[in-house]
Amino acid sequence: MSLTIGIPREIYAGEKRVATVPDVVEKLIKLGFAVRVESGAGEAANFGDEAYQAAGASIAASAADLWTGSDLVFKVRAPTAAEIAQIRPGTTLISFIWPAQNPELMQQLAARKITVLAMDALPRTLSRAQKMDSLTSMASISGYRAVIEAANAFGRFFNGQVTAAGKIPPAKVFVAGAGVAGLAAIGTAANLGAIVRANDTRAEVADQVVSLGGEFVKVDYEEEGSGGGGYAKVMSEGFQQAQREMYAKQARESDIIITTALIPGKPAPRLITAGMVQSMKPGSVIVDMAGEQGGNCELTVPGEAVVRHGVTIVGYTDLPSRLAKQASTLYATNLLRLTEELCKTKDGSINVNFEDEAIRGLTVIKDGEVTWPAPPLKVAAAPPPRPAAATPAPAKKSAHGHGESEPMAGGTLAVIFGVGAVLFWLVGAYAPASFLSHFTVFVLACFIGYMVIWNVKPSLHTPLMSVTNAISSIIAVGALVQIAPPLGAAAEGRPSGLILGLAFVALALTAVNMFGGFAVTRRMLAMFRK
């Protein structure tokens, strides 16, 4: 028997998102489910009832009708007490729950004897779970929207301009925290032309900041800040003091500050003090993306935009909802991927399989029993050490980082030079004069080419070789000379059919080499362009 998925209208104040969209409804139906949508559920995100009906969903006239007639409920915000009272026992609820912050909600849900999957509890370190990671989806939207809100409150262009009316300097943006939301903000601000600086306690994100067009500002204090699950951890007092000094300097220099710092299960760390706000230039903007957890700025008012000391402090807690259509589409896709994992048989039924680490992590209540927190993820056992084998002594490193063997013995070197000298004498004594000039050029070309390639860093070998392959296609010129000898050449001096065939093959191969070399180089360089 196929289950019915219910999509209620979100009643949380200001929430415009909806848990699924018409395009995803069609895919849920193909999995064997029936889909019911409360009337008006998608209007705030520009999805009308007609679009859902066209996709195959039925419309429930009221919330009570939807809740009582659904086996599986998709939501965005955690249900209210009134909504919980309407849930049938045995129903499966999938939504944001935040179990660590809402113990009373967990008890209310467990009392209804239902199964609850919390989208915020997904083990984000599992690579196969990325397709279901709604926290990342919403954070990327929040980071983008934070820059848009900053631009709306800021009184100038982001990019620098030189006009007849005067010179406009670029805005200076500082992003505190380079997680998913922070990186999205960095990329958006850089694309708008601002000078972007960023900081994070995790040193490994520095390269990501630079790749998006920002500058990583390091705290002058050595301490690793990576926490579990890809989040940052609480830092020592010494680090926090050094961090505050760095933030104070950035506050004086920046036009816009965007803060994203959050630590799971704890209030948002206070990074921007009232004194730092007072030191900022009048007209500056702070967008505090941690407003819902108390804020990273001391003067943030959650849910509001206020002006303090001439600085606009934006503490909106509904940034994803301000891009409701895009946010709903991404969230609906995350729920679809989760449903595919729950319904691998595609028969409209689900299996909450605790053997699956992703599903186990998501499940916070099963059949009325609280199962949160999930046990730690299993770490793959390290392979047993191999028995030590006799290995040759490591080669010495040359000045350019290449492995190099021991210096050759003097006697061996003398023999090699002697043999080479005899061979050159034989070539000079018996070869035609025209051959000697070509042979000399060939030897010099081999020597110079070898030295040029050998002295290049190994990391540059691939792009360099693709160019040298193209340059080496000078062979094509020689092949052309053989195919089309100079006018007036004697008949007996013209090449034979075998030579012409070989010249044609050489010309074809070097043409592929030449164009392929430049094509490979261009594609590689394109990877490093914005």
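Model, not experiment: these values are computed from the prediction.
Counting heavy atoms from C-beta on, the side chains of Phe354 and Thr371 come closer than 4.5 Å. Residues Met106 and Val364 have side chains in contact (heavy-atom distance under 4.5 Å, counting atoms from C-beta outward). A 4.5 Å side-chain heavy-atom check between Pro170 and Phe158 finds every atom pair outside the cut-off. When side chains are defined from C-beta on, Glu298 does not count as touching Val277, because their heavy atoms never get closer than 4.5 Å. For the pair Glu245/Val219, no side-chain contact is recorded, criterion being any heavy-atom separation below 4.5 Å from C-beta on. With a 4.5 Å cut-off on side-chain heavy atoms, Val287 and Val285 count as touching. Taking the side chain as every heavy atom from C-beta outward, Tyr316 and Asp288 never approach each other to under 4.5 Å. Between Phe239 and Gln243 there is a side-chain heavy-atom pair separated by less than 4.5 Å.
To the nearest 0.5 Å, atom OG1 of residue Thr20 and atom CD of residue Glu26 are 10.5 Å apart. Separation of atoms OG1 (Thr80) and CD (Gln108) is listed at 9.5 Å; rounding is to 0.5 Å. Atom-to-atom distance recorded for Thr259:OG1 and Leu271:CG is 6.5 Å, nearest 0.5 angstrom. Within the model, atoms OG of Ser321 and CD1 of Ile141 stand 10.5 Å from one another, a figure rounded to the nearest 0.5 Å. Between atom CD1 of residue Ile286 and atom CD1 of residue Ile256 there is a gap of 11.0 Å, rounded to the nearest 0.5 Å. In this structure, CD on Gln107 lies 11.0 Å from CD1 on Ile84, to the nearest 0.5 angstrom.
Pairing each heavy atom of Asp200 with each of Ala178, the nearest pair is OD2-N, 2.6 Å. Listed here is the closest heavy atom pair of Ser95 and Arg77: OG-O, 3.1 Å. When every heavy atom of Asp120 is checked against every heavy atom of Pro99, the shortest pair comes out as OD1-CD, 3.2 Å. Shown here for Leu66 and Arg36, the closest heavy-atom pair between the two residues is CD1-O, 3.5 Å. The two residues Ser284 and Met280 make their nearest non-hydrogen contact at CB-CE, 3.6 Å. When all heavy atoms are compared, the tightest approach of Leu93 to Pro79 is CD2-CG, 3.8 Å.
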Next item on the list: Evaluate the side-chain contact (heavy atoms from CB on, under 4.5 Å) criterion for residues Arg244 and Lys249: first the C-alpha distance (whole Å), next the side-chain angles of each, then the deciding distance (0.1 Å), finally the verdict.
Entry: CA-CA 9 Å; Arg244 283 191 290 269; Lys249 179 182 177 183; over 6 Å; no
Margin query: If you apply the rule side-chain hydrogen bond (donor to acceptor under 3.5 Å, both in side chains), what do you find for Ser254 with Arg197, and how did you get there?
Written below: CA-CA 9 Å; Ser254 301; Arg197 299 188 183 99; 5.0 Å; no
Margin query: side-chain contact (heavy atoms from CB on, under 4.5 Å), that's the test. Do Leu335 and Met119 meet it? Break it down for me.
Written below: CA-CA 9 Å; Leu335 290 176; Met119 294 301 291; 3.8 Å; yes
Check: Step by step, would you call Val217 with Gln250 a side-chain contact (heavy atoms from CB on, under 4.5 Å)?
Finding: CA-CA 9 Å; Val217 182; Gln250 293 300 321; 3.9 Å; yes
Checklist line | Verdict with reasoning, Arg337 to Glu340, per salt bridge (charged side-chain N to carboxylate O under 4.0 Å, His left out) | finding: CA-CA 5 Å; Arg337 301 306 174 209; Glu340 290 173 343; 3.0 Å; yes
Check: For Arg9 and Glu15, what are the C-alpha separation, side-chain angles and deciding distance, and is it a salt bridge (charged side-chain N to carboxylate O under 4.0 Å, His left out)?
Finding: CA-CA 10 Å; Arg9 182 171 59 87; Glu15 182 57 71; over 6 Å; no
Check: So Val73 and Ile87, side-chain contact (heavy atoms from CB on, under 4.5 Å) or not? Walk me through it.
Finding: CA-CA 9 Å; Val73 178; Ile87 302 178; over 6 Å; no
Check: Run the salt bridge (charged side-chain N to carboxylate O under 4.0 Å, His left out) check on Glu149 and Arg145 step by step: do they pass?
Finding: CA-CA 6 Å; Glu149 295 293 342; Arg145 184 68 191 194; 3.0 Å; yes
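Put simply, the side chain of Asp49 gets close to the backbone of Gly40: a donor and an acceptor are under 3.5 Å apart. Side chain of Thr91 to backbone of Arg88: a donor-acceptor contact under 3.5 angstrom is found. In this structure, Arg202 contributes its side chain and Gly177 its backbone to no donor-acceptor pair below 3.5 Å. With hydrogens and angles disregarded, no donor-acceptor distance shorter than 3.5 Å links the side chain of Thr260 to the backbone of Met289. A donor-acceptor contact shorter than 3.5 Å links the side chain of Ser328 to the backbone of Val18. Here the side chain of Thr4 pairs no donor or acceptor atom with the backbone of Ser70 at under 3.5 angstrom. With Asn102 contributing its side chain and Trp98 its backbone, the two residues share a donor-acceptor pair below 3.5 Å. In this structure a side-chain-to-backbone donor-acceptor pair under 3.5 Å is missing from Glu38 to Ala60. The backbone N or O of Pro269 lies less than 3.5 Å from a partner atom in the side chain of Asn296, making a donor-acceptor pair.
Few gaps surround CD on Glu237; more than 12 heavy atoms of other groups in view lie less than 6.0 Å from it. Heavy-atom neighbours of Lys218 NZ from other residues, nucleotides or ligands within 6.0 Å: above the threshold of 12. Other residues, nucleotides and ligands place no more than 12 heavy atoms under 6.0 Å from the NZ atom of Lys346.
No salt bridge links Arg360 with Glu357; every basic N to acidic carboxylate O contact stays at or beyond 4.0 Å. Under the 4.0 Å criterion applied to side-chain N and carboxylate O atoms, Glu341 and Arg128 are assigned as salt-bridge partners. A salt bridge does not link Lys113 with Asp367: none of the charged nitrogens is closer than 4.0 Å to a carboxylate oxygen.
Ring-plane geometry between Tyr331 and Phe96 is classed as parallel, the angle between the planes falling under 30 degrees on a 0 to 90 degree scale with a further cut at 60.
No side-chain N or O of Asp318 forms a donor-acceptor pair with one of Tyr12 less than 3.5 Å apart. With 3.5 Å as the limit, one finds a donor-acceptor pair spanning the side chains of Thr136 and Arg124. For the 3.5 Å distance criterion, the side chains of Ser134 and Asn334 fail to qualify, holding no donor opposite an acceptor.
By the salt bridge (Lys or Arg N to Asp or Glu O under 4.0 Å) test, Glu83 is found to be paired with Lys75, residues two or more places apart in sequence or in another chain being considered.
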